[in-house]
Amino acid sequence: QVQLLESGGGLVQPGGSMRLSCVASGSIFSINTMAWYRQAPGKQREMVASVTRVGDTNYADSVKGRFTISRDNVKNTVALQMNSLNVEDTAVYSCAARIFAGRSYEDYWGQGTQVTVSS
């Protein structure tokens, strides 16, 4: 019943910016950590950024200083602001969240959104 839905992906030029958003819906009682992952063709999925319920953040070394993760605990949303994008950032970006929906905490995933950085 819990669903995560991403939005904001698309095509962007090198050096440009893009903002991804994700909303969690359904029978949600509490959300712990929320995060963004990405996976490029032929490569392993990696965590891009995460943010805890109280606002502690963690970033992959490759995006530090360029990406910013934020969340709204009232709206159950998490966003990823991506600046100074380069071609290496091209990947499918997925939203993930650890959610208590009445029985136990479980990890949920969105469907993913394509981000293509190209000139």
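Just so we're clear, the structure is a prediction, and the values are computed from it rather than from any experiment.
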Kindly work out whether a path of hydrophobic side-chain contacts (I/L/V/M/F/W/Y, heavy atoms less than 4.5 Å apart) joins [X] to [Y].
{"X": "V63", "Y": "V92", "value": "no"}
{"X": "V23", "Y": "W36", "value": "no"}
{"X": "F29", "Y": "Y105", "value": "yes"}

Search all heavy atoms of [X] against all heavy atoms of [Y] and return the closest pair with its distance.
{"X": "R53", "Y": "S30", "answer": "CD-OG, 4.5 Å"}
{"X": "V51", "Y": "R71", "answer": "O-NH1, 3.2 Å"}
{"X": "F67", "Y": "Y59", "answer": "O-CE2, 3.3 Å"}
{"X": "I28", "Y": "I31", "answer": "CG2-CG1, 3.7 Å"}
{"X": "T90", "Y": "Q114", "answer": "CG2-NE2, 4.0 Å"}
{"X": "V48", "Y": "L80", "answer": "CG1-CD2, 4.3 Å"}

At what distance, to the nearest 0.5 angstrom, does [atom1] of [X] lie from [atom2] of [Y]?
{"X": "C95", "Y": "M34", "atom1": "SG", "atom2": "CE", "answer": "5.0 Å"}
{"X": "I69", "Y": "M82", "atom1": "CD1", "atom2": "CE", "answer": "11.5 Å"}
{"X": "T116", "Y": "L11", "atom1": "OG1", "atom2": "CG", "answer": "6.0 Å"}
{"X": "L5", "Y": "T113", "atom1": "CG", "atom2": "OG1", "answer": "9.5 Å"}

Under 4.5 Å between any side-chain heavy atoms of [X] and [Y], yes or no?
{"X": "S25", "Y": "N76", "value": "no"}
{"X": "I99", "Y": "L4", "value": "yes"}
{"X": "R38", "Y": "E46", "value": "yes"}

Atom pairs and distances, donor-acceptor, side-chain atoms in residues 13-20, under 3.5 Å, two or more places apart:
| residue | atom | partner | partner atom | Å |
| --- | --- | --- | --- | --- |
| S17 | OG | N83 | OD1 | 2.9 |

Strictly distance-based, threshold 3.5 Å: is any side-chain N or O of Q39 a donor or acceptor partner for the main-chain N or O of A91?
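It does not hold such a pair.
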In this structure, which one of T33, D107, T52 forms a side-chain hydrogen bond (donor to acceptor under 3.5 Å, both in side chains) with R98?
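Of the listed residues T33, D107, T52, the side-chain hydrogen bond (donor to acceptor under 3.5 Å, both in side chains) partner of R98 is D107.
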Could you go step by step and tell me if M47 and N58 meet the side chain to side chain contact (heavy atoms under 4.5 Å, CB included) rule?
CA-CA 9 Å; M47 188 184 73; N58 183 261; 3.2 Å; yes
